[in-house]
Amino acid sequence: MQNSGWILVTGGAGYIGAHTCVALLEAGHQVLVFDSLVNGSTEALARASALGGGEIAFVQGDVRDRAALDALFARYPVSAVLHLAGVKAVGESVRQPLHYYEVNVSGSLSLLQAMDAAGVHTLVFSSSATVYGAPVRLPIDEQAALGPSNPYGRSKLMVEDQLRDLCAAQPHWRVAILRYFNPVGAHPSGQLGEDPHGTPDNLMPFVSQVAVGRRPELAVFGNDYPTPDGTGVRDYLHVCDLAAGHVAALKALPAQGGLLTVNLGTGRGHSVLDVVRAFEAASGQTVPLRFAPRRPGDIAACWADPSRAEQLLGWRAECDLDAMCRDVWRWQRGNPQGYR
Ligand code: UD1
């Protein structure tokens with residue numbers, strides 16, 4: 001199948017972006033990536049192109065650069081945009097809020113204006129389960145109250161608000177807001193994966209670096225939560241399932257215009273100790289750990305009600321935690337220093 005027009009993926013050289021490019025190529029789309037390379041890699045793009053069996057056109061640039069976007073839209077007939085570019089570290093967002101609002105909020109605004117000027121009105125936006133406040137009940141559905149607790153989360157919510165206002169005012173826009181739960185995993189080939197710079201903030205990359213011997217032990221942040229084993233519970237989602245969710249959203253965007261907002265998660269929660277045990281089983285390595293105080297801002301438990309994604313997109317997550325760990329381990333073992 002060959003669809004007409006380019007699919008522009010901002011942030012396509014990053015972790016989720018590169019997996020999404022593979023899924024788009026496999027679905028027969030023509031893929032164009034716009035990425036600043038601040039947190040992405042051209043090696044990831046080369047590998048995504050080989051895995052997806054197609055070329056990926058690449059333009060280096062920053063979404064805040066309106067002139068660069070205008071030039072890109074003038075050169076390529078783009079039919080839809082997947083907007084994944086952004087900054088995403090919660091702790092850093094607390095220290096540098098203006099940077100987060102500038103990149104995530106101003107960057108999205110600049111992209112929306114450039115799209116409008118170019119007559120491109122189809123968008124899939126990477127949002128996060130972080131936009132929900134502390135959950136009142138589980139699982140979390142899309143009607144749950146919004147109330148992020150840090151600048152990163154608020155920057156995502158501000159973009160969602162822009163999109164809701166835009167779609168209300170101009171119904172020819174077709175927008176999908178995807179609220180990701182906890183993306184982990186790697187391409188099953190072992191060729192693509194998460195390549196965090198410096199010390200990983202998130203659990204899965206930290207665990208895999210301990211397993212491969214790059215770090216001595218995992219600090220488990222809190223073992224006194226009201227969860228079955230006292231450690232935090234999250235909805236971990238395989239990045240290939242997440243990538244498929246983008247392709248499904250693109251396909252499902254209502255032909256008549258409008259906005260869809262869906263959770264992308266598995267609907268299952270796993271504790272930190274579940275993840276460690278699954279990773280040990282997948283890797284055959286021991287993951288030494290110690291219990292440390294709770295991380296400020298963390299919640300006890302969070303998992304998705306993914307039923308709306310199934311209804312509206314025909315999408316559901318296929319991979320379980322064992323598959324996520326197996327694929328992370330294959331990537332980590334084959335690429336101990338990431339793409340470098
Ligand atoms: C974090 C972000 C969230 C973001 C998501 C992206 C925070 C508070 N939230 O979610 O906004 O969308 O990443 O994937 O940072 N843990 C440890 N030791 C570690 C690291 C984590 O015990 O070294 C625990 C955490 O306390 C938590 C679980 O592992 O219970 C998952 O943590 P993490 O991977 O950072 O994800 P979230 O905090 O859910």
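In this chain, numbering begins with 1 at the start of the sequence shown. Since this is a predicted model, take the numbers as computed values, not measurements.
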Evaluate Arg268 against Asp235 for side-chain contact (heavy atoms from CB on, under 4.5 Å), listing each step before the verdict. CA-CA 6 Å; Arg268 298 195 53 194; Asp235 186 336; 5.5 Å; no

Given side chains that start at C-beta, do those of Val159 and Ser127 come closer than 4.5 Å, heavy atoms only? no

Phe34 ring center within less than 6.0 Å of His83 ring center: no

What distance separates Leu192 CG from Asp327 CG, expressed to the nearest 0.5 Å? 11.0 Å

Is any side-chain heavy atom of His246 closer than 4.5 Å to a side-chain heavy atom of His19? no

Are side-chain heavy atoms of His270 and Trp303 found at a separation under 4.5 Å? no

Tyr100 and Glu92: side-chain donor and acceptor closer than 3.5 Å? yes

Do Phe58 and Thr42 make a side-chain contact, defined as non-hydrogen atoms from C-beta onward lying under 4.5 Å apart? yes

Using 0.5 Å steps for rounding, measure from the NE2 atom of His238 to the CD atom of Glu318. 11.5 Å

Does Gln113, at its CD atom, have more than 12 non-hydrogen atoms belonging to other residues, nucleotides or ligands within less than 6.0 Å? yes

Considering all heavy atoms of both residues, which atom of Val103 and which atom of Gly86 are nearest to each other, and what is their separation? CG1-CA, 4.2 Å

How about CZ on Arg316, more than 12 heavy atoms from neighbouring residues, nucleotides or ligands closer than 6.0 Å, or not? no

Evaluate the side-chain proximity of Leu321 to Cys325: yes if any heavy-atom separation is below 4.5 Å, no if none is. yes

Ring geometry between Tyr339 and Trp331 (parallel below 30°, tilted from 30 to 60°, perpendicular above 60°): tilted

Check Ser271 against Thr231 and note the closest heavy-atom contact, atom names and distance. CB-OG1, 3.3 Å

When rounded to the nearest 0.5 Å, the distance separating CD1 of Ile177 from OG1 of Thr261 is 4.0 Å

Does the distance from a Lys or Arg side-chain N to an Asp or Glu carboxylate O, for Arg340 and Asp195, drop under 4.0 Å? yes

Could you tell me whether a side-chain N or O of Asn263 sits under 3.5 Å from a main-chain N or O of Ala129, the two making a donor and an acceptor? no

Rounded distance (nearest 0.5 Å) linking atom CG of Asp201 with atom NZ of Lys88: 8.0 Å

Least distance between heavy atoms, Ser36 atom then Gln60 atom: O-NE2, 3.3 Å

Is any side-chain N of the basic residue among Lys156 and Glu160 closer than 4.0 Å to the acidic one's carboxylate O? no

Can any side-chain N or O of Ser110 pair as donor or acceptor with the backbone N or O of Val63 at less than 3.5 Å? yes

Give me the atom names and distance for the closest heavy-atom approach of Val239 to Ala186. CG1-N, 3.8 Å

To the nearest 0.5 Å, how far apart are CD1 in Ile56 and CG in Leu24? 9.0 Å

Calculate, to the nearest 0.5 Å, the distance between atoms CD1 and CG belonging to Ile299 and Leu138 respectively. 8.0 Å

For Ser208, does its backbone N or O pair with a side-chain atom of Arg214 as donor and acceptor, under 3.5 Å? no

Output, in order, the C-alpha distance, side-chain angles, deciding distance and verdict of side-chain contact (heavy atoms from CB on, under 4.5 Å) for Val210 and Phe279. CA-CA 11 Å; Val210 173; Phe279 205 91; over 6 Å; no

Can you confirm whether Val87 sits close enough to Val38 that some side-chain heavy atom of one is under 4.5 Å from a side-chain heavy atom of the other? no

Nearest heavy-atom neighbours spanning Tyr132 and Leu146: CD2-CD2, 3.7 Å

Salt bridge check, Asp70 against Arg66: does any charged N sit closer than 4.0 Å to a carboxylate O? yes

Do you see a donor-acceptor pair shorter than 3.5 Å between the side chains of Asn202 and Arg234? no

What pair of heavy atoms forms the shortest contact from Ala169 to Pro171, and how long is it? O-CD, 3.5 Å

Test: Arg179 and Glu142 ion pair at under 4.0 Å: no

